[in-house]
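Notes follow the structure.
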Amino acid sequence: MNIAARIRARRANARNRKAVARAIDSAATPAMRHELMAIAQAQLNNLR
């Protein structure tokens, strides 16, 4: 992977993390917040 592709991938990951954080912060209910956290953690574990 060249350096430009690595930078693009890193920026995309940062955008996704920020979007998930905003969704968790703006969740309507605590149950929805916990569900979003569980989904985010499951996706993170699949990447490793």
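Nothing fancy with the numbering, it's 1 onward along the sequence.
Taken from CZ in Arg10 to CD1 in Ile3, the straight-line distance is 10.5 Å, to the nearest 0.5 Å. Here the straight-line distance linking atom NE2 of His34 with atom CD1 of Ile24 works out to 10.5 Å at 0.5 Å rounding. Atoms CZ and CZ, from Arg15 and Arg17 in turn, are 11.0 Å apart once rounded to the nearest 0.5 Å.
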Note to self: Using side-chain contact (heavy atoms from CB on, under 4.5 Å), reason through Met37 and Arg33 one step at a time and then give a plain yes or no.
What the structure shows: CA-CA 6 Å; Met37 286 183 200; Arg33 184 175 301 119; 3.6 Å; yes
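Annotation for Leu36 and Ala23: closest pair CD1-O, 3.5 Å, computed over non-hydrogen atoms.
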